[in-house]
2 protein chains.
Amino acid sequence: MPSIQPRPAFLLAQVGAHAARRFAERVAVLGVAPSDVGVLRMILTTPGRSQQSLAEELGVVPSRVVTLLDALEGKGLVERRRNPADRRNYALHLTEEGARVMAAVWELGAAHEDELLAALDAGQRAHLTALLEAVAVHQGLTAGVHPGYQGPPRAGG
Amino acid sequence: MPSIQPRPAFLLAQVGAHAARRFAERVAVLGVAPSDVGVLRMILTTPGRSQQSLAEELGVVPSRVVTLLDALEGKGLVERRRNPADRRNYALHLTEEGARVMAAVWELGAAHEDELLAALDAGQRAHLTALLEAVAVHQGLTAGVHPGYQGPPRAGG
DNA sequence: TATTGTTATACTCTATAACTATA
DNA sequence: TATAGTTATAGAGTATAACAATA
């Protein structure tokens with residue numbers, strides 16, 4: 001009896017993937033990918049942090065952080081500052097341009113949310129948020145970290 | 001003023017990606033990927049359909065369907081039957097084994113949903129489903145088709 | 001010897017374009 | 001000439017493992 005009725009788990013994956021895709025399209029006009037936004041946000045939140053700490057929180061391998069940061073540094077959005085006390089690691093900081101981009105992302109995020117949830121009124125949005133938050137907490141998801149950093153799984157039935 | 005407060009759009013993407021990942025882990029024990037499940041489900045729903053029609057509904061290029069089906073045929077889950085009337089196209093059908101795998105996916109799906117929504121009671125689940133369905137309909141999402149088939153966008157902030 | 005970051009390499013996923021066979 | 005499907009190829013994205021510099 002395979003179904004056509006909406007299964008909440010599938011709807012969640014479907015709508016979530018759609019949200020991620022639309023967000024990617026929006027931030028693309030700023031010249032960044034969603035993965036870049038995640039990294040920029042973490043550096044904005046905790047300036048001076050190391051690449052290792054980023055890798056751990058994102059749940060990716062350190063070499064991937066190198067690639068991510070090479071691109072962001074190349075675009076002039078992030079700075080790697082040598083730590084004089086321990087010259088093995090870098091202290092990561094946003095440049096002014098990086099901060100500007102994050103402000104723009106903030107604007108786009110609001111528009112994105114409005115478009116995505118256009119079908120719901122304010123009360124319904126609040127209710128949805130509360131339900132999703134309960135699920136996220138119960139599932140042990142790290143606030144602000146998208147599991148998309150962690151590899152393969154894509155399309156789904 | 002970049003936030004830490006839960007943004008519903010981000011929560012949706014985050015929880016959705018988590019759901020997709022957990023589902024992928026579960027069906028992996030059956031030897032299939034989520035993308036395979038989507039294809040199998042479409043063939044189960046409309047037996048005899050062509051590869052072209054699959055490509056269109058999934059929003060992917062026909063050559064990708066070839067790859068997907070080669071794997072499923074290799075595992076003995078799908079059969080390509082020549083259409084005597086028009087020998088250019090195939091009529092796709094599940095094998096008995098393919099039908100068995102889909103039945104097993106069905107079981108796993110129920111367990112998956114229970115685990116994913118463990119934080120919510122029955123009423124809350126129904127409410128969440130209704131809200132998500134409203135969003136999905138308004139966003140023009142095709143019932144049962146995961147946007148993950150359509151390419152790049154991954155991690156996100 | 002341990003840690004931070006980098007490079008070299010390989011693997012997976014997916015699309016593009018050229019191709020075959022039918023029609 | 002048009003359509004269904006296939007193959008060959010290339011490009012992203014990501015991980016593994018070996019490596020360099022510093023501690």
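Labels below follow one simple rule: chain letters A, B, ... track the order of the sequence lines, proteins then strands, and each chain is numbered from 1.
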query: In whole angstrom, what separates B:L58's CG from D:dG5's P?
result: 13 Å

task: Please determine if a side-chain N or O atom of A:R80 lies less than 4.0 Å away from the OP1 or OP2 oxygen of C:dT6.
output: yes

For a quick test of your reading: what N or O donor-acceptor pairs under 3.5 Å do the side chains of residues 131-139 of chain B make, sequence neighbours left out?
{"residue": "B:Q139", "atom": "OE1", "partner": "A:H18", "partner atom": "NE2", "Å": "2.6"}
{"residue": "B:Q139", "atom": "NE2", "partner": "A:E115", "partner atom": "O", "Å": "2.9"}
{"residue": "B:Q139", "atom": "NE2", "partner": "A:L116", "partner atom": "O", "Å": "3.3"}

- prompt: A:Q51 CD to D:dA21 P: how many Å, rounded?
  reply: 17 Å

field: Out of C:dA15, D:dA15, D:dT6, whichever nucleotide has its closest atom nearest the side chain of B:P62
entry: D:dT6

message: Please report the distance, rounded to the nearest Å, between CG in B:L92 and C1' in D:dG5.
response: 11 Å

query: D:dG5 P sits how many Å from B:Y90 OH, rounded?
result: 8 Å

task: Apply salt bridge (Lys or Arg N to Asp or Glu O under 4.0 Å) to B:R87 and list each qualifying residue two or more places apart in sequence or on a separate chain.
output: none

- prompt: What residue pairs, at least two apart or across chains, pass side-chain hydrogen bond (donor to acceptor under 3.5 Å, both in side chains) with a residue in residues 118-128 of chain A?
  reply: A:D114-A:R125

Protein-to-nucleotide contact annotation, 5' to 3' order, nucleotides 17-23 of chain C [B base; S sugar-phosphate only; - none; under 4.0 Å, heavy atom]: B----BS

- prompt: Between A:L68 and A:S35, which heavy-atom pair has the shortest distance, and what is it?
  reply: CD1-OG, 4.1 Å

- prompt: Would you call A:D70 and A:K75 a salt bridge, taking side-chain N to carboxylate O under 4.0 Å as the test?
  reply: no

field: Value in whole Å for how far the C1' atom of D:dG5 lies from CD of B:E56
entry: 14 Å

task: Indicate, with a heavy-atom threshold strictly under 4.0 Å, whether A:S50 touches base, sugar-phosphate, or nothing.
output: sugar-phosphate

message: Treating A:T46 as the side-chain partner and A:I43 as the backbone partner, does any N or O pair qualify as donor plus acceptor under 3.5 Å?
response: no

message: Please report the distance, rounded to the nearest Å, between CZ in B:R81 and C1' in D:dA4.
response: 19 Å

Integer-rounded Å distance: D:dT7 P and B:R64 CZ: 17 Å

- request: Check the distance between C:dT14's C1' and B:L68's CG and give it to me in whole angstrom.
  value: 11 Å

- request: May I ask you to list the residues sharing a hydrophobic cluster with A:V66, side-chain cutoff 4.5 Å, ordered by chain and number?
  value: none

task: Measure the spacing between NE2 of B:H112 and CD of B:E25 and express it to the nearest 0.5 Å.
output: 10.0 Å

message: Can you identify which nucleotide, out of D:dT6, C:dA15, D:dA4, has its nearest atom closest to the B:N89 side chain?
response: D:dA4

- prompt: Taking five pairs at each end, how big is the angle between the two axes of the helix from C:dT1-D:dA23 to C:dA23-D:dT1, to 10°?
  reply: 30°

query: Looking only at atom types and distance, does a side-chain atom of A:T95 sit under 3.5 Å from a main-chain N or O of A:G76, one as donor and one as acceptor?
result: yes

